[in-house]
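These notes are about the structure you will find just below.
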Protein chains: 2
Amino acid sequence: MRRKKAATNKGGATRQRIVTLALGLFNENGPDRVTTAQIAAAAGINEGNLYYHFRTKEALVAAVLDRFEADAMDLLAEGAEDSADPTASLGLLQRWFALVWDYRFLLRDMIGLLALSPELRLRVRALSAHLREAVEVLAQRLRERDLLIVPDEQFQPLLANLWIVATYWALYLDLHEGIAALTPDHLAWGLGQVRSLLRPYLAPALQALV
Amino acid sequence: MRRKKAATNKGGATRQRIVTLALGLFNENGPDRVTTAQIAAAAGINEGNLYYHFRTKEALVAAVLDRFEADAMDLLAEGAEDSADPTASLGLLQRWFALVWDYRFLLRDMIGLLALSPELRLRVRALSAHLREAVEVLAQRLRERDLLIVPDEQFQPLLANLWIVATYWALYLDLHEGIAALTPDHLAWGLGQVRSLLRPYLAPALQALV
DNA sequence: GTCTATAATCAGATAGAC
DNA sequence: GTCTATCTGATTATAGAC
């Protein structure tokens, strides 16, 4: 017999809506500058009600991080499939870019987040390490197939630059250019920046594709 | 006849000390999370006294930005001298790196700063544009001397990556690596990242130097 | 210039009715 | 699940004595 959704169902519509709206506000103004009152107002509910769904602001932030973790892990799982098609890597990169944009406050306001909830530190660090390893595996795979020609001593610096550009590209647009919403043009620009970074090391076979 | 320092002298020792200590706290915790009480305590003075020197927190932030502007302009002035020595650029870069680190909260917490004081937006944008133009001039100079070989269509992407790595490198260390203080090792690492970025485009004459 | 109050405001959070 | 009402604590800022 099918049970009705439990009252505190994690997938509750209101709860999910709060998370979505909070994410938007966090990206716009930083979690420190977004009050629970604003979040409640955005969700069209009362502050008291908000505190029914999330007993602390920290719990709300954690729920946003939960969602990011889930999204990032989905992406990672796809990356793990050792596709023979090098353009698959490009698709993954594109999705990574959109993800970094959608959750850019996580990177940008990390200090405030850690102050809000020191327990987050371990989760964030672990997630970050996991993602960076995935990038390295991806790049190493291209290298082994001679699609990427990089001398050993230049590989780690290249990876670090790749990571910096691919993660801070969104902040760069956000802060320096005052971009409020991600358009396909911006996404293309960010991909172009990564392409520019890789270009000197690409095998001729890939030059045409990337 | 030499006048005694005016009571509200901009260079007043206490005032300057407050700015220095506030800068340190802002870098550590972000301006939003640093209270006037903490700043006063760090300076070893009373909160009321702090408000004698800076009538609002915003005025204090503006004073920190004043100092950054002055430091950045000093650097810019040196860059404007068209030195024949290409290693001079490396020295400038090194100083830029130290500057970005010393004032890293300006980049990191810009959204909060703009919320605190919208008037800052124009100053920050102007300064940022000014600095980026300086970088472009510097790079263009190397190009004209055939020390940097970059096709036209790859020049702007290279500049953008240069800017992203050279400015966000400090945030990367700060947020991802949890670095608290900048050591010569970190500085060397950052310079290595920029070198890695430029390496594919350097003329053989420069490869040995950089 | 520096201090001791203290005001004014606003954030996060709770209790309990509906 | 949602609301109203309220509390507590922290933070910016002011008034006025020393």
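Throughout, protein chains are lettered first and strands after them, A, B, ... in sequence-line order, and every chain is numbered starting at 1. Side chains are part of it too, since the values below use all heavy atoms of this structure and drop only hydrogens, waters and symmetry mates.
For B:Arg125, there are no salt bridge (Lys or Arg N to Asp or Glu O under 4.0 Å) partners at least two apart in sequence or on another chain.
Applying the salt bridge (charged side-chain N to carboxylate O under 4.0 Å, His left out) test to pairs two or more places apart or on separate chains, none has a residue in residues 156-172 of chain B. Listed by first and then second residue, the side-chain hydrogen bond (donor to acceptor under 3.5 Å, both in side chains) pairs that reach into residues 91-102 of chain A are A:Glu78-A:Arg95, sequence neighbours excluded. Every pair tested for salt bridge (charged side-chain N to carboxylate O under 4.0 Å, His left out) that includes a residue from residues 182-193 of chain B fails, sequence neighbours excluded, so the list is empty. Applying the side-chain hydrogen bond (donor to acceptor under 3.5 Å, both in side chains) rule to pairs touching residues 170-181 of chain B yields A:Ser128-B:His176, A:Arg132-B:Tyr172, A:Arg132-B:Glu177, B:Arg104-B:Asp174, B:Arg108-B:Asp174, B:Tyr172-B:Glu177, sequence neighbours excluded.
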So which protein nitrogen or oxygen atoms get under 3.5 Å of nucleotides 11-18 of chain D's nitrogens or oxygens?
from, atom 1, to, atom 2, distance (Å)
D:dT12, OP1, B:Lys57, NZ, 3.0
D:dT12, OP2, B:Thr36, N, 3.0
D:dT12, OP2, B:Thr36, OG1, 2.9
D:dA13, OP2, B:Tyr51, OH, 3.4
D:dA13, OP2, B:Lys57, N, 2.9

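With rounding to whole Å, A:Leu60 atom CG is found 16 Å from C:dA11 atom P. Here C:dA13 presents its P atom at 15 Å from CG of A:Asn46, a figure rounded to the nearest Å. Taking atom CD1 of A:Ile39 as the reference point, atom P of C:dA13 lies 11 Å away to the nearest angstrom.
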